[in-house]
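Notes for the one structure printed next.
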Amino acid sequence: MNSLKQDYLIVSLTNSVGGAEQCLKLIAAQTKGQILFLRKVKSNFLEETDPLKTNYITKLPLLFGFLLLPFSLYRYRNSTIISSHAYLNATIGFLKRIGYLKRSTIARESTSIFVRYRGLKRLSYKIAYWLGYPGLDRIVCQSELMSEQLLKHNVFINPQKVKVIPNPIDLTHVINKANQSRPVLSDKYICSAGRLIQIKGFDLLIKAFSLLILTHKDLKLFILGVGPEKDNLLSLIKQLKLSKSVLLLGYKENPYPYFKHASVCVLPSIMEGFPNVLLQMIAVNHKVVTTLCAGGIESIPGITIVNVNDIMELHNGINNILVNKKNGTDLMIDAYLAKRNPGSFLRELLADLD
């Protein structure tokens, strides 16, 4: 296993809050490594990174970050580099392939690219993978399904370089954050969270909620997050006459109290790599409904799992918990989460690398 005495650099696209960024932040904390962001954003950004170990390439559009990346990496040529996001992984892999980077390069797959995208965008990814991924020393997938999809669509990748390691979660941090405050907007509410984009399925959740409220009159729905689908979701809320019951609360620096005190937490996504927010929800609240939107979800004990794109299944899953006050199997869930601790994740990540 690699010695933690050596230098590590963790590289990400931006310092915005997302599952990949949160995972990389945990890796940085474990390795005590430097963090390099290609672009610095001013809002909805990742908190609690060490300012003395955090660097940014640009505040300009992301393209400039990619263009300047080789120059920024020069001082880290002899560091082990850990990254996420496909185009960034491909760029780092290409730099290793041509000999510019000298030590191990580790890339984390953030989603199943070749299932999620079509047309020219998929072609651009295909080219990027072909150019860069053969140069990577390790490619980490979040589930067996993601690994299978990666290798199926990229036959030039050496399967021995691909390793399945489930995402980590810092339980102590999440639980401490959840205990800081309590939302006062409602005593009985459903909570969901994520970027407001179509693939997250918030429109399906709102439609399922419109059925739930017929029998649960005082129920509210809180959706945490920002994104380009906000106006469309607001129009849907207005169309269904739910403006007093469904609230888009925007970005919350600390979402965990909302998860903890919810009557039910819901993940309605259509497709995910693996949703970190699901781990955060079950860490503080075992009354959780999720769609089968990613590999590995079926192995989580004590939660309610429904099919994607099925409004009635989503409604029924939530309603069963509201009516029956169903709780997850606490000991089984706690044991499941304990296996995902950051230390174990890092040991697997670095095992057998030079």
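Values below: all heavy atoms of this structure, side chains included; hydrogens, waters and symmetry mates excluded. Because the structure is a prediction, the values reported are computed rather than measured.
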Is it true that [X] and [Y] fall in one hydrophobic cluster, defined by side-chain heavy atoms closer than 4.5 Å?
| X | Y | value |
| --- | --- | --- |
| Tyr87 | Phe64 | no |
| Tyr76 | Leu88 | yes |
| Ile311 | Met271 | yes |
| Tyr256 | Leu278 | yes |
| Val11 | Leu353 | no |

Measure across [X] and [Y] and return the closest heavy-atom pair with its distance rounded to 0.1 Å.
| X | Y | result |
| --- | --- | --- |
| Leu267 | Pro275 | CD2-CG, 3.4 Å |
| Ser243 | Lys238 | OG-CA, 4.0 Å |
| Lys59 | Arg39 | O-NE, 3.7 Å |

Closer than 3.5 angstrom, by distance alone: can the side chain of [X] be matched with the main-chain N or O of [Y] as a donor-acceptor pair?
| X | Y | result |
| --- | --- | --- |
| Arg138 | Val162 | no |
| Lys25 | Ala20 | no |
| Asn341 | Ala338 | yes |
| Arg118 | Val115 | yes |
| His286 | Ile282 | yes |
| Glu313 | Asn307 | yes |
| Arg340 | Asn167 | yes |

Inset, instruction - Show your working on side-chain contact (heavy atoms from CB on, under 4.5 Å) between Arg103 and Arg77 and close with a plain yes or no. - result: CA-CA 7 Å; Arg103 290 196 66 89; Arg77 293 175 71 199; over 6 Å; no
ring-ring contact (aromatic ring centres under 6.0 Å, His included) test vs Tyr189 passes for just one of Phe209, Phe222, Tyr258, Phe259, namely Phe222
So do Phe274 and Thr111 actually touch side chain to side chain, heavy atoms under 4.5 Å? no
Review point. Any Lys/Arg nitrogen of Asp137 or Lys161 sitting under 4.0 Å from an Asp/Glu carboxylate oxygen of the other?
Key: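 A salt bridge is absent here (no side-chain N lies under 4.0 Å from a carboxylate O).
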| message | Regarding Glu229 and Arg195, does a basic nitrogen lie under 4.0 Å from an acidic carboxylate oxygen? | response |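 Salt bridge absent between Glu229 and Arg195.
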Has [X] got more than 12 heavy atoms of other residues, nucleotides or ligands less than 6.0 Å from its [atom1]?
| X | atom1 | answer |
| --- | --- | --- |
| Glu298 | CD | yes |
| Asp187 | CG | no |
| Leu120 | CG | no |

_Aromatic contact, Tyr129 with Phe156 (centres under 6.0 Å)_ =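 Not under 6.0 Å, so no.
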Check your understanding: Is there a side-chain contact (heavy atoms from CB on, under 4.5 Å) between Ile190 and Val289 once you walk through the steps?
Key -> CA-CA 10 Å; Ile190 297 168; Val289 176; over 6 Å; no
